[in-house]
Amino acid sequence: MTRLLALAAATLIALPASPAAALPGTPGAPGAGDPYFPGQGNGGYDAGHYDLRLDYEPSSGRLSAEARIAARATQALSRFNLDLVDTLSVSSVSVDGRPAAHAQSGSELVVTPSRPLAAGRGFSIVVRYGGKPVHVIDPDGSRDGWIKTSDGVFNANEPQGAMTWYPGNHHMTDKATYRFTVTVPSTRVAVANGDLVSTTAKGGRTTYVWDSKEPMASYLATVSIGKFELADARLGGYRVTTAVDPKLAGDAAGFPERHAPMLDYFGSLFGPYPYSSTGGIVDHAPEVGYALETQTRPIYPRVPSDALLAHELVHQWFGNSVTPALWRDIWLNEGFATYGEWLWAEHAGTRTTQESFDAAYARDAGDAFWQTPPADPGGPENLFHAPVYDRGAMALHALRREVGDAAFFAILRAWATEHKYGNADTAAFVALSERVAGRQLDALFDAWLLKPGKPSL
Ligand code: ARG
Ligand code: ZN
């Protein structure tokens with residue numbers, strides 16, 4: 001019996017004339033199942049490409065936008081969700097060119113196509129929407145998303161800001177390629193991830209097109225807008241595209257040139273830099289208080305120190321190319337990026353990695369710091385707690401001392417290579433380490449990653 005007939009028999013419906021309508025499908029799940037952010041992401045389909053067309057007016061804060069998404073159904077779908085906050089209003093949705101019913105509730109946009117989508121089928125979604133985007137407040141009290149500044153937008157989306165400005169499947173396990181077409185008044189610049197494709201001015205407005213050709217998780221997307229000095233040059237073999245707030249131009253002198261030496265060094269350790277361009281966005285946003293490793297082009301609230309630059313560049317390998325599978329694996333991002341700071345300091349001759357380790361380890365055993373095991377910091381309010389960064393980096397250093405430099409750097413390189421553009425969790429890192437080292441490392445990882453308390457040396 002064919003699958004179609006089996007389904008028809010099981011559900012006791014007559015076989016309709018059109019085979020597409022024969023599969024009733026079921027609704028896609030409203031979340032990807034991440035315990036830290038249960039509503040984030042959606043089930044039933046994979047997004048493959050986002051073509052985002054944004055028109056933004058900084059003076060009114062109004063966004064008028066169209067998102068074109070290429071997706072593939074992973075089950076027979078009667079309807080599916082996209083993540084988008086309902087403070088933005090959706091005026092129309094179509095699926096494969098046919099108008100689709102839609103409803104908004106909280107941060108879920110529920111789309112019911114005019115006919116069900118068969119499992120495995122590719123389909124296209126077009127969402128027209130607009131309004132005045134606002135950032136979200138995270139469980140730890142910080143803000144992320146579309147953060148307005150005096151001259152535009154500081155757009156950083158870790159862990160949940162993507163839903164504040166475009167509809168999508170916003171869990172990090174659903175990576176996609178992107179094209180951004182952003183129109184702003186010509187007094188402003190719009191900077192996004194990937195390669196600058198074109199800049200077209202017309203009638204006092206300028207359209208910037210950016211192409212992000214390598215897969216990217218939603219939390220790493222950015223469209224930042226402001227009064228920026230844009231520079232795009234080939235430096236040391238990299239395409240370095242930077243946007244610097246003119247207020248910071250003096251401090252930022254030499255900023256583009258600082259990238260190639262660091263990328264060369266980290267590339268020699270982890271394997272070639274995984275993206276077709278690099279650079280950074282240097283905004284003046286002291287109120288934001290953090291930088292983010294937005295893919296290819298990190299965003300900084302000030303001119304970065306060497307440590308901060310090293311941190312965000314190392315994230316391009318660890319976090320961006322190899323991305324965690326769940327938010328609780330966040331140490332795989334922050335522990336690695338912090339260790340990257342230590343490696344850069346050692347390379348630059350300012351401080352050895354052992355000295356960095358010793359300084360972090362010197363915290364008193366009674367310090368609350370030691371109560372948070374980095375491999376599951378206990379909830380979304382602790383995502384960016386110090387132990388995730390420092391104890392995560394200490395765990396890597398402890399591993400290095402245990403297995404020796406050759407095995408340790410082979411592990412880092414294999415991690416970057418084997419999971420390039422993918423997702424992987426802590427268990428996979430432990431398994432890889434044991435494979436490369438050729439022995440069990442449970443005791444070490446238990447003490448450093450999983451158990452509360454200060455590990456003994
Ligand atoms: N991943 C960033 C960094 O360490 C930090 C992001 C913090 N985000 C937040 N919403 N507080 O480079
Ligand atoms: Zn970081």
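The structure displayed is predicted, hence computed values, not measured ones. Note that ligands are numbered from 1 as they come in the structure, with each ligand's atoms numbered from 1 the same way.
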Element-labelled atoms of ligand 1 that are located less than 4.0 Å from some non-hydrogen atom of D138: 10 (N)

If you measure only the distance, is there a donor-acceptor pair under 3.5 Å linking the side chains of H171 and D34? yes

Taking only non-hydrogen atoms of E312 and a 4.0 Å limit, the atoms of ligand 1 in range are 3 (C), 12 (O)

Heavy atoms only: which of E158, H311, E293 lies closest to atom 10 (N) of ligand 1? E158

Within ligand 1, which atoms have a heavy atom of S142 less than 4.0 Å away? 9 (C), 10 (N), 11 (N)

When the aromatic ring centroids of Y273 and W317 are compared, is their separation below 6.0 Å? yes

For the Zn ion (ligand 2), which protein N/O/S atoms fall under 2.8 Å? Skip waters. H311 NE2, H315 NE2, E334 OE1

Answer yes or no for K454 and Y361: cation-pi contact, defined as NZ/CZ to six-membered ring centre under 6.0 Å and angle to ring axis within 45°. yes

protein heavy-atom neighbour closest to atom 4 (O) of ligand 1 works out as Y389 OH, 2.7 Å

Which ligand 1 atoms does E334 reach within 4.0 Å, using its non-hydrogen atoms? 1 (N), 2 (C), 3 (C), 4 (O)

Got a donor-acceptor contact below 3.5 angstrom from the D86 side chain to the G106 backbone? yes

Quick check on the 6.0 Å ring-centre criterion: do Y339 and F408 meet it? yes

Suppose we screen for salt bridge (Lys or Arg N to Asp or Glu O under 4.0 Å). Which residues come up paired with R72, at least two apart in sequence or across chains? none

Check this for me: R79, atom CZ, are more than 12 non-hydrogen atoms of other residues, nucleotides or ligands nearer than 6.0 Å? no

Any chance the rings of F336 and F429 have centres within less than 6.0 Å? yes

Within reach of ligand 1, part of A337 (heavy-atom separation under 4.0 Å): neither

Would you kindly say whether W342 and E355 are connected by a side-chain donor-acceptor distance under 3.5 Å? no

